[in-house]
Novice: 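Okay, handing you the structure first.
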Amino acid sequence: MPKTAEAQGSRKKPKSPSNGTAKAKKSAKSDINMADVDLLLNPGAKLSKEQKERRRQLEDLVAAEFEGATENGSGDSEGETSPSSPEEARPLKGKSKAARPTDRKRRLLAEDSPPADTNNNRKEPKAAKEPAQGATSSRNKRRSQGLEKTSPIQVNGEALACPLVRKSLPAAKTGATASGAPAKSCPLPKKRKSLPAGLAKSCPLPPKKDNAAKSPQIKQELPEEDDFDEEAMEVDTATSSSNGHQAEPPALPIEIHKADSIEEGRRILQWILNPVKTEHFFEDFWEKNACLVQRKNPKYYSDLISFKMIDEMLIRHRLDFTINLDVTSYKNGKRETLNPEGRAMPPVVWGLYSEGCSIRILNPSTYLPGLRQVCSILQEFFHCLVGANVYLTPPNSQGFAPHYDDIEAFVVQVEGRKRWRLYEPPQQSDQLARISSGNYEQEQLGEPILDEVLEAGDVLYFPRGTVHQAVTEEEQHSLHITLSVYQQQAYANLLEKLMPIVLKKTVEQSVALRRGLPLHTFHVLGEAQRSNQSKSRTQLVEGIQKLVGKLVIPSAEDIDKAADQLAKKFQHEALPPTILPEEKLRTVFGSRSSTDEQGNCICDYEFDAKTSVRLLRANILRLVTEDDGSVRIYHHVDNALEYCKYEPIFMEILPEEAAAVELLISAYPFYLAVGQLPLETAERKVEVVTALWERGLLMTEKPFSL
């Protein structure tokens with residue numbers, strides 16, 4: 001168990017070398033106004049010569065203030081620290097000042113008798129020894145609790161430096177580059193064409209053979225120009241990369257309000273897998289084999305997530321450790337979670353990242369509208385929750401031990417490179433596993449069935465139950481998204497809903513199942529009686545088997561009820577739909593009420609028998625008849641962006657109104673007139689449609705107002 005850090009006394013800090021600069025710029029500091037703040041934090045794509053000069057002055061002032069705060073901070077304020085090593089004090093590629101140590105490093109420094117090591121942790125001071133050139137003197141650090149004691153990842157005996165900018169403020173040249181592409185937060189090392197030998201020191205395996213035979217269960221797809229499906233993806237040449245591969249998600253149909261949401265989900269899946277066609281994917285790979293697509297197009301998924309997006313996400317929203325974000329490491333065969341308590345502030349997160357820890361964001365779609373839209377459209381195709389986790393891994397690092405999951409996984413590589421190794425499920429029962437595994441030791445795995453490096457723009461699919469592990473290269477970080485589908489969506493899950501329904505109905509209908517057990521039942525049945533080969537035991541076992549086989553047989557109606565109960569799970573878990581502008585005009589989300597001169601509310605919509613309507617999405621609702629006879633419409637329009645934050649949302653209707661809802665379901669994606677609904681009166685038809693529309697479940701063919 002790690003020791004609890006002792007509180008450290010405050011120490012007088014040496015005078016900051018930036019104090020003179022701060023005095024010289026005191027007058028400039030007093031002249032800063034709101035326009036300067038906006039120029040610094042939100043620079044436009046095109047700045048005039050005067051604006052550029054003013055922005056450089058502001059950045060110099062901010063840098064001087066930042067350096068002064070780092071050098072002269074008292075160490076008593078929460079989160080205030082200073083560099084502890086030459087590696088930390090060294091500027092990163094000229095883009096930022098030294099990265100401040102995080103709580104975990106401060107805790108290591110606060111131990112009673114910390115050992116001297118090559119990671120520049122605190123050592124006993126030596127008065128006669130001069131510090132190395134370019135280094136800063138180490139300082140005592142404040143204590144922090146709630147972190148486990150681990151060592152940073154090392155490269156050639158030295159502490160690993162953070163390859164990315166750790167300042168929350170924009171870099172000096174933020175904005176569009178000369179080529180029109182968004183500027184990177186910092187330049188990355190050149191990508192290697194092959195994986196260096198002996199890289200994965202934390203999980204050594206036999207060297208990869210160049211001509212090693214591929215497993216028959218693994219197929220690698222290398223896209224060719226002739227295989228690109230232009231017609232299916234409707235590629236816009238203005239947004240395509242130089243090799244013809246699409247760098248943007250597929251274009252939406254011209255008339256969005258007439259589109260089939262299931263078909264739109266298939267189009268998004270096609271974009272993810274392109275050039276592997278969806279029909280071939282489900283025939284050859286789905287729940288069977290791994291599928292690797294290598295594009296040589298690093299911008300293919302760049303709009304979904306980036307380091308800059310993550311940094312802004314941490315600044316603008318409250319993400320808490322453990323709830324929204326995990327900090328993990330895997331070193332010397334040991335997997336650790338290193339989550340502090342409370343909010344995940346950028347300096348803490350990037351400090352842990354700079355020490356070799358991986359960052360996992362558990363619900364990025366909550367904060368990233370583009371990623372949320374992809375997930376919400378895909379869930380229409382799969383008819384299940386499409387989850388997304390984001391993994392940011394520093395160079396030469398591994399965040400997780402080998403394991404398998406209970407989901408179908410699509411690994412979307414957005415930035416950098418990462419070496420992935422897949423292994424067969426250890427046991428037959430692990431194939432298409434229903435529950436995720438624990439961590440495996442390297443010796444338990446044997447030879448990998450796939451050993452490949454994913455580069456930006458690549459995607460890797462593998463079925464649930466496939467053991468996997470991934471590690472970054474020495475000079476390359478990795479940013480990828482794992483899209484997860486089909487969790488707890490197997491026949492077994494349907495049977496768990498079905499058999500109680502069947503058994504309950506059969507017991508009510510069959511006297512044979514209600515008869516008492518024979519008096520000798522517990523003398524011949526049970527674990528202790530398995531060796532009993534008596535005639536009475538054999539007869540009783542065979543009798544029960546015949547009874548079940550004859551009576552406990554589900555009908556089509558039973559299966560329908562079980563499917564409805566299982567489908568309620570999707571309505572509870574699903575992301576709310578992303579409402580596009582053209583849809584907003586036709587739904588309650590674009591409706592605006594007003595008042596007349598007397599203050600009476602006037603709505604801007606009114607239905608009649610000629611109004612044409614349809615469901616907002618194919619799977620937006622589920623019509624369910626409960627055991628008590630009540631008829632409910634379960635939906636996910638009002639679901640929170642967080643997973644299952646609310647109880648299942650439903651509206652109850654009269655049994656005679658169910659036929660109208662059934663007609664709306666069967667008519668999708670086509671519109672039908674309100675007058676076509678199978679209800680007794682025109683007034684009732686309008687009332688039912690109005691109620692469904694006001695809940696956000698319906699869309700009109702024509703807007704009520706423009």
Novice: Please step through side-chain hydrogen bond (donor to acceptor under 3.5 Å, both in side chains) for the pair Glu415 and His477, ending with a clear verdict.
Specialist: CA-CA 8 Å; Glu415 293 180 5; His477 79 300; 3.0 Å; yes
Novice: Could you go step by step and tell me if Val631 and Val624 meet the side-chain contact (heavy atoms from CB on, under 4.5 Å) rule?
Specialist: CA-CA 6 Å; Val631 181; Val624 179; over 6 Å; no
Novice: Any idea how Trp271 and Tyr301 line up, ring-wise: parallel (<30°), tilted (30 to 60°), or perpendicular (>60°)?
Specialist: perpendicular
Novice: Salt bridge (charged side-chain N to carboxylate O under 4.0 Å, His left out) with Glu694: which residues, sequence neighbours excluded?
Specialist: none
Novice: Does Leu616 reach the side chain of Thr587, with side-chain heavy atoms less than 4.5 Å apart?
Specialist: yes
Novice: Heavy atoms, side chains only, cut-off 4.5 Å: are Gln373 and Leu580 in contact?
Specialist: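 Yes, side chains in contact.
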Novice: Can you give me every donor-acceptor pair (side chain of residues 636-651, partner residue at least two apart or in another chain, under 3.5 Å) with its distance?
Specialist:
residue, atom, partner, partner atom, Å
His636, ND1, Gln571, OE1, 2.8
Asn639, ND2, Gln571, O, 2.9
Asn639, ND2, His572, O, 3.3
Asn639, ND2, Ala574, O, 2.9
Tyr643, OH, Glu573, OE2, 2.8

Novice: Which residues pass the salt bridge (charged side-chain N to carboxylate O under 4.0 Å, His left out) test with Lys584, sequence neighbours left out?
Specialist: none
Novice: By salt bridge (charged side-chain N to carboxylate O under 4.0 Å, His left out), which residues pair with Arg586, not counting sequence neighbours?
Specialist: none
Novice: Taking the side chain as C-beta and beyond, is there a heavy-atom pair between Ile305 and Val412 under 4.5 Å?
Specialist: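 Side chain of Ile305 against side chain of Val412, heavy atoms only: no contact under 4.5 Å found.
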Novice: For the pair Phe607 and Phe704, name the ring-plane relationship: parallel under 30°, tilted 30 to 60°, perpendicular over 60°.
Specialist: perpendicular
Novice: Is it true that atom NZ of Lys569 has more than 12 heavy atoms of other residues, nucleotides or ligands lying nearer than 6.0 Å?
Specialist: yes
Novice: Evaluate the side-chain proximity of Cys357 to Pro394: yes if any heavy-atom separation is below 4.5 Å, no if none is.
Specialist: no
Novice: Run the numbers on Phe410 and Leu273 for side-chain contact (heavy atoms from CB on, under 4.5 Å), then give the verdict.
Specialist: CA-CA 9 Å; Phe410 294 86; Leu273 295 173; 4.0 Å; yes
Novice: Hey, what do you get for CE (Met345) to CD1 (Ile315), rounding to the nearest 0.5 Å?
Specialist: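 So the gap between those two atoms works out to 8.0 Å.
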Novice: A side-chain contact here means heavy atoms from C-beta on lying under 4.5 Å apart; do Ser376 and Pro576 qualify?
Specialist: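 When only atoms from C-beta onward are counted, Pro576 and Ser376 do not touch, as no gap falls below 4.5 Å.
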Novice: In terms of the angle between their ring planes, are His480 and Tyr391 parallel, tilted or perpendicular, with boundaries placed at 30° and 60°?
Specialist: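 Judged by the thresholds at 30° and 60°, the geometry between His480 and Tyr391 is parallel.
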Novice: When you compare the side chain of Cys291 with that of Trp286, does any pair of heavy atoms fall below 4.5 Å?
Specialist: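 Contact flag for Trp286/Cys291 side chains = no.
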Novice: Could you work out, with salt bridge (charged side-chain N to carboxylate O under 4.0 Å, His left out) as the rule, every residue matching Arg372, not counting sequence neighbours?
Specialist: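 Testing Arg372 for salt bridge (charged side-chain N to carboxylate O under 4.0 Å, His left out), a comparison that skips the adjacent residues, returns none.
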Novice: Considering residues at least two apart in sequence or located in another chain, which fulfil the side-chain hydrogen bond (donor to acceptor under 3.5 Å, both in side chains) criterion with Asp260?
Specialist: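 Partners of Asp260 under the side-chain hydrogen bond (donor to acceptor under 3.5 Å, both in side chains) test: none.
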